[in-house]
Amino acid sequence: MANAANQKVLVITGNTGTGKTTVARYLNEKYHLPQVVTHTTRPPRAGEIDGRDYYFETEASFPSNHYLEEVVYSHYHYGSSYEGLNRAWEKGPLITIVLDTAGALTYAQQLGEKVEVLYLSVDDQADLTQRLIKRGDQLARIQKRINSAEFVRDLAVPPALQQYAHMVVNNDWIQTKKAIDGIIKNMLK
Ligand SMILES: Nc1ncnc2c1ncn2[C@@H]1O[C@H](COP(=O)(O)OP(=O)(O)OP(=O)(O)O)[C@@H](O)[C@H]1O
Ligand SMILES: Nc1nc2c(ncn2[C@@H]2O[C@H](COP(=O)(O)O)[C@@H](O)[C@H]2O)c(=O)[nH]1
C-alpha cells in the first residue's frame, strides 16, 4: 500500500449527467488513477459491471459494508466503504471517487488534506438532459431525478467547498480534458 502520508483522493462531484464518471474514466485511462468503486442498491444500467462500475447491492446486503459515508439519492442507497477506498489506495497514492455533493462534503470533513475536490457543471440544462437520454436513461427516471431535491442541491458547489474546489464547466469535452490535465499535472508535481 502507498505511504499513508502520500495518499490523496480526488473527489469528482457535481450534478447528474455533468460527466463525473466520464472524467474518472479518462483519468484512469490517461494517468492510471485508480477509482474507488462505491456501493449502490440502484439496478445496473446496460453495460455496467458489478465490481467495476459499482458494487451492486440489495437492500439486505447494503448495510453489511463499513461506510465512510452513505446517502439516499433518488430513492436508492449509495455508499463509499472503507474497504473500497483502501482497495483503490493499494493500487496507487492518488485515486479518484465519484460522489454527489453531500458525499463530497463528508469526504472533505473526514479526510481533510487528503482530499481535493473537482466540481463539474454544464451550462445548458437541455444539453444535460440530452446526454442522459443518449446514455440510455429512461425519460421517466430522468424527469424524476431532475425534479428531486438532490438535483437542486447539486446545482451548486457546497459553500464549505467553494474556497478550494476546482471548478470545470464540461460543455466541450476537448476543453474539459485540457482543464483536467492542468489540475492533474499540478497534483502529480
Ligand atoms: N463534454 C461532453 N459532451 C457531450 N457528452 C458528454 C460530455 N461529457 C460527458 N458526456 C456524456 O454525458 C453522459 C453523462 O456522463 P456521465 O455518465 O459521465 O455523467 P455523471 O456525472 O457520472 O452522471 P450521474 O451522476 O448521473 O451518474 C454520458 O453519456 C457521457 O458520455
Ligand atoms: N455520496 C455518494 N454519492 C455517490 C456514491 N456513489 C455514487 N454517488 C453519486 O450518486 C449519484 C447517482 O449516481 P448514478 O450512478 O445512479 O447516476 C451521482 O451523483 C453519483 O456521483 C457514494 O458512494 N456516495
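Note that ligands are numbered from 1 as they come in the structure, with each ligand's atoms numbered from 1 the same way. Positions are given from 1, in the same order as the sequence printed here.
- Taking distance alone, with nitrogen or oxygen atoms compared against 3.5 Å, Thr21 approaches ligand 1 more closely than that limit.
- The residue Arg141 has no part lying near ligand 2, judged by heavy-atom distances below 4.0 Å.
- There is a side-chain donor-acceptor pair under 3.5 Å between Tyr31 and Asp181.
- In the model, Glu83 has a side-chain atom that pairs as donor or acceptor with a side-chain atom of His66 under 3.5 Å.
- Residue-ligand proximity: Val98 is placed with every non-hydrogen atom at 4.0 Å or more from ligand 1.
- Contacts classified as ring pair (Phe, Tyr, Trp, His ring centres under 6.0 Å) and involving residues 136-176 (residues at least two apart or in different chains) are given here: Tyr26-Trp173.
- Residues satisfying the ring-ring contact (aromatic ring centres under 6.0 Å, His included) criterion with Phe56, sequence neighbours excluded, are Tyr54.
- Around atom 3 (N) of ligand 1, the closest heavy atom drawn from Arg131, Lys20, Gln130 belongs to Arg131.
- Counting only N and O atoms by type, the side chains of Ser80 and His39 include no donor and acceptor under 3.5 Å apart.
- Of all the heavy atoms of Lys20, the ones lying under 4.0 Å from any atom of ligand 2 belong exclusively to the side chain.
- Using a 4.0 Å cut-off between heavy atoms, Val71 contacts ligand 2 through its side chain alone, with no backbone atom that close.
- The neighbour count for Arg153 CZ, taken as heavy atoms of other residues, nucleotides or ligands under 6.0 Å away, is above 12.
- Ranking protein heavy atoms by distance to atom 15 (O) of ligand 2, first place goes to Tyr54 OH, 2.5 Å.
- Side-chain polar atoms of Thr96 and Gln35 form no donor-acceptor pair below 3.5 angstrom.
- Under 4.0 Å from ligand 2, the heavy atoms of Arg45 that appear belong solely to its side chain.
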Check step by step if side-chain hydrogen bond (donor to acceptor under 3.5 Å, both in side chains) holds for Ser61 and Ser64. CA-CA 6 Å; Ser61 69; Ser64 63; 5.5 Å; no

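- Polar contact with ligand 1: absent for Asp172 (N/O pair, distance under 3.5 Å).
- Proximity of Arg145 to ligand 1, defined as any heavy-atom pair under 4.0 Å, is confined to the side chain (atoms from C-beta onward).
- Contacts between Asp100 and ligand 1, counted as non-hydrogen atom pairs separated by less than 4.0 Å, are absent for every part of the residue.
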